[in-house]
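Have a look at the structure below before the remarks.
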2 protein chains.
Amino acid sequence: MSTEEISSSLKDCCDVTIIHDDIVSDIQKKQLSLEKGNDLALLFQALSDPTRVRIIYTLIQAEVCVCDLAAILEMSQSSISHQLRNLRALRLVKHRKVGRMVYYSIDDEHVESLMRIGLQHISHM
Amino acid sequence: MSTEEISSSLKDCCDVTIIHDDIVSDIQKKQLSLEKGNDLALLFQALSDPTRVRIIYTLIQAEVCVCDLAAILEMSQSSISHQLRNLRALRLVKHRKVGRMVYYSIDDEHVESLMRIGLQHISHM
DNA sequence: ATTATATATGAATACATGTTCATATGTTTA
DNA sequence: TAAACATATGAACATGTATTCATATATAAT
């Protein structure tokens with residue numbers, strides 16, 4: 001494609017200029033749906049907070065009750081409970097009630113892989 | 001430091017009750033450092049927004065310039081530039097300048113793996 | 001030179017989010 | 001039954017963040 005042809009193919013779409021018409025329409029066909037993009041972002045968002053990262057890292061090693069978790073991470077029970085609620089809503093952790101205590105553990109086959117790859121990444125920084 | 005000393009010091013400092021002294025001190029030794037927890041969270045945070053997810057998904061497929069990216073994702077150029085700035089700060093993407101245009105591409109060996117596993121996860125939801 | 005174009009960026013705004021505090025719920029112990 | 005305990009949760013507050021708008025910068029075209 002010559003420079004002239006590229007220039008003449010310039011076109012406006014939602015206030016943006018398209019430089020490479022063919023590439024744009026080609027890649028647009030292979031794009032993630034908005035829904036999948038949102039779902040993926042929600043998954044990674046679950047891991048985007050230091051407290052949740054440490055909760056998950058702990059639960060990968062063992063099933064732990066809430067107050068032990070709070071002790072291990074040296075944070076308030078309320079804060080831990082709130083975060084566990086988030087993780088539970090995404091079905092990344094599951095819980096088991098024993099008397100008045102509640103034991104949490106990982107409920108997802110992918111979380112551990114994500115953590116492992118993430119750790120590889122930060123060790124290569 | 002004995003188990004008793006650890007638990008009593010935790011009780012003093014953070015208002016949590018420890019149920020299983022031995023488990024707590026055992027797991028605490030294997031805990032992520034605060035720094036690594038923060039770094040991991042920062043990495044996942046980069047993927048925790050739908051716009052950034054879609055940017056990365058696009059760049060995995062091809063090197064694309066800013067305005068094409070804006071066209072593909074149907075978002076403003078400014079918004080895309082701001083997000084690319086974030087991703088660049090984390091060294092997840094790199095850029096190549098050609099004239100007045102700037103081409104972006106993935107600059108991390110782990111991002112693609114994370115996306116692949118993430119996609120597996122959401123397809124199993 | 002002047003104008004148009006591609007990208008970057010600071011400021012402002014609206015919205016999301018993590019923690020704390022107070023308290024509710026359900027369970028165990030005295 | 002009463003008190004202690006483990007956990008959950010709503011509200012409030014402070015902080016973080018994504019987008020838009022206006023504009024700056026650098027390059028290309030006329």
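The sequence lines fix the lettering, A, B, ..., with proteins before strands; numbering per chain opens at 1.
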Short side-chain donor-acceptor distance under 3.5 Å, B:Q83 and B:N86: yes
Picking from [options], which would you name as closest to the side chain of [X]?
X	options	answer
A:S79	C:dT7, D:dT20, C:dT20	C:dT20
A:S81	C:dA22, D:dT7, C:dT9	D:dT7
B:R52	D:dA18, D:dA8, C:dT7	D:dA18

B:K30 versus A:Y57, closest heavy-atom pair with distance: O-CE2, 3.3 Å
Stretch residues 89-108 of chain B: residues that reach within less than 4.0 Å of DNA chain C through a heavy atom: B:R100, B:M101, B:V102, B:Y104
Within 6.0 angstrom of A:R88 CZ, more than 12 heavy atoms from elsewhere: yes
Nucleotide [N], atom [atom2] - distance to [atom1] of [X] in whole Å:
X	N	atom1	atom2	answer
A:D49	D:dT17	CG	C1'	14 Å
B:Q77	C:dG10	CD	C1'	14 Å
A:R85	C:dT20	CZ	P	18 Å
B:Q83	D:dA18	CD	C1'	6 Å
B:H82	C:dA12	NE2	P	13 Å
A:L84	C:dT19	CG	C1'	14 Å
B:L87	D:dT17	CG	C1'	14 Å
A:L73	C:dT20	CG	P	13 Å

Donor-acceptor contact below 3.5 Å, side chain A:S48 vs main chain A:Q45: yes
A:R52 side chain to A:A46 backbone, donor-acceptor under 3.5 Å: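 Yes.
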C:dA8 OP1/OP2 closer than 4.0 Å to side-chain N/O of B:S78: no
OP1 or OP2 of C:dT17 under 4.0 Å from side-chain N/O of A:Q45: yes
ILVMFWY network linking B:I27 to B:L34, side-chain heavy atoms under 4.5 angstrom: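 In one cluster with B:I27: B:L34, no.
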Parallel, tilted or perpendicular: ring planes of B:H110 versus A:H124, cut at 30 and 60 degrees: tilted
